[in-house]
Student: 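Here it is, the structure, as structure tokens.
Indexing begins at 1, ligand by ligand and atom by atom, following the structure's order.
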Amino acid sequence: MTTTARMRDKFTVVTGASTGIGAAIAERLAASGAHLVLVARSADKLDESAALLSRRHGVTVRTVPLDLAAADAPTRLAKTLADEGIEVEVLINNAGVSARGPVLDGDPARFRSLIDVNVSALTELTTLLVPAMVARGHGAVVNIASTGGYIPAPYLAVYAATKAYVISFTQALWAETRGTGVRVVTVSPGPTKTPMNARGTRSAEAVATTVLRALSGNGPAFIDGRTNALTALLFGRLLPTRLTLSVARRVMARSDV
Ligand SMILES: NC(=O)c1ccc[n+]([C@@H]2O[C@H](COP(=O)([O-])OP(=O)(O)OC[C@H]3O[C@@H](n4cnc5c(N)ncnc54)[C@H](OP(=O)(O)O)[C@@H]3O)[C@@H](O)[C@H]2O)c1
């Protein structure tokens, strides 16, 4: 269990903190007294957030502008943290990109870059930072997936597949770290109103609340919002796959997410 009291005055790394869900998580954690390391490509937005959050909540906020699609980005971030003597109490792997459209029309380079951010960077950052948490006997990792990770998504195929990876990887690591004092959990938002999804129905702030609930809970996987949880259960677990795919194909063909 990682309560906000435990995170107070310690550093939490939030990737994808410049907008949307990551920015909402950063705001919520700063309000709870956590120091922050904000990571994304947009240096200006990160600096603006850092100034605002430290003024508003009196916490230390460090920014690391970084393209997480770059192969050496996770090791560079880990080195920057080590060089500055920052001990990471919590890692929130939130940065993510989406790519809509039929796979047949897809750009392989774009898919590779999406996988680099959603899968490779998340895996490497987790692998680089968790051993020190285990050695200390406390810490936490939250990996942001998606309800799309529970349900194959035609026209959003590569994105949903990366999120299925995040759910599987994180749940396995949850099992591997049982009894170490380190909390590992995946949180899946459904459609959430952010720059990634103008038609989202949940708010980024609601997802941030679910992230805090997930941190203080015990289970390996949380879904934001009851309707999203029911949808994931029904289409991801209960209905036959052919039926799920047929419904998903029709819904996704109409959607512009
Ligand atoms: N919104 C939804 O409906 C929804 C639903 C389910 C799951 N999610 C997941 O929630 C997470 C946050 O999404 P969001 O909706 O808040 O999207 P968003 O507003 O587009 O934010 C994405 C964040 O990731 C950062 N990012 C993207 N590419 C990056 C790269 N190459 N290197 C470093 N940072 C990068 C962006 O910052 P820069 O552009 O400044 O780099 C931004 O801070 C993602 O993992 C997403 O898959 C979202």
Student: Using a distance-only test with no angle check, is there a side-chain donor-acceptor pair under 3.5 angstrom linking E89 and H35?
Tutor: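 The criterion, which ignores hydrogens and geometry beyond distance, is not satisfied for H35 and E89.
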Student: Does any N or O atom in G16 lie less than 3.5 angstrom from one in ligand 1, N or O only?
Tutor: yes
Student: Within the structure, does G22 bring an N/O atom to less than 3.5 angstrom of an N/O atom in ligand 1?
Tutor: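 No, there is no polar N/O contact under 3.5 Å.
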Student: I'd like to know if the side chain of R250 pairs up with that of S246 as donor and acceptor (distance under 3.5 Å, no hydrogens or angles considered).
Tutor: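 S246 and R250 do have a side-chain donor-acceptor pair below 3.5 Å.
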Student: I'd like the name of whichever of V166, N228, D44, T192 reaches closest to atom 3 (O) of ligand 1 through any heavy atom.
Tutor: T192
Student: Listed by chain and number, what are the side-chain contact (heavy atoms from CB on, under 4.5 Å) partners of E87, not counting sequence neighbours?
Tutor: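 side-chain contact (heavy atoms from CB on, under 4.5 Å) check on E87 returns R136.
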Student: Nearest non-hydrogen contact with atom 4 (C) of ligand 1 belongs to which option: G190, A69, S146, A43?
Tutor: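 Considering heavy atoms of G190, A69, S146, A43, the nearest to atom 4 (C) of ligand 1 sits in G190.
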Student: Got an N/O contact under 3.5 Å between T19 and ligand 1?
Tutor: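 It does: an N or O of T19 is found under 3.5 Å from an N or O of ligand 1.
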Student: Quick test of your reading of the model: are E27 and R56 salt-bridged, counting only N-O distances below 4.0 Å?
Tutor: yes
Student: Under a heavy-atom criterion of less than 4.0 Å, does G200 contact ligand 1?
Tutor: no
Student: Pick one of side chain, backbone, both or neither for how L68 approaches ligand 1, counting any non-hydrogen atom pair under 4.0 Å.
Tutor: both
Student: So how far is it from N143 CG to N118 CG, rounded to the nearest 0.5 Å?
Tutor: 11.5 Å
Student: Atom 45 (O) of ligand 1: which of V187, I144, N94 has the nearest heavy atom?
Tutor: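 Minimum heavy-atom distance to atom 45 (O) of ligand 1 goes to N94.
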Student: Is the shortest distance from a heavy atom of K193 to ligand 1 less than 4.0 Å?
Tutor: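 Heavy atoms of K193 never come under 4.0 Å of ligand 1.
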Student: Is the contact between A17 and ligand 1 made by the side chain, the backbone, both, or neither, using heavy atoms and a 4.0 Å cut-off?
Tutor: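 Only the backbone of A17 comes within reach of ligand 1.
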Student: Heavy-atom pairs closer than 4.0 Å: do any link ligand 1 to the side chain of A145, the backbone, both, or neither?
Tutor: backbone
Student: Can you name the atoms of ligand 1, numbered from 1 with element, that are less than 4.0 Å from a heavy atom of G20?
Tutor: 16 (O), 19 (O)
Student: Please verify whether a non-hydrogen atom of G148 lies at under 4.0 Å from ligand 1.
Tutor: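 G148 does not count as a contact of ligand 1 under the 4.0 Å cut-off.
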Student: Is a side-chain N or O of T194 found less than 3.5 angstrom from the main chain of M196, in a donor-acceptor match?
Tutor: yes
Student: So if I count the atoms of ligand 1 from 1 in the order they appear, which ones are less than 4.0 Å from some heavy atom of S42?
Tutor: 38 (P), 39 (O), 40 (O)
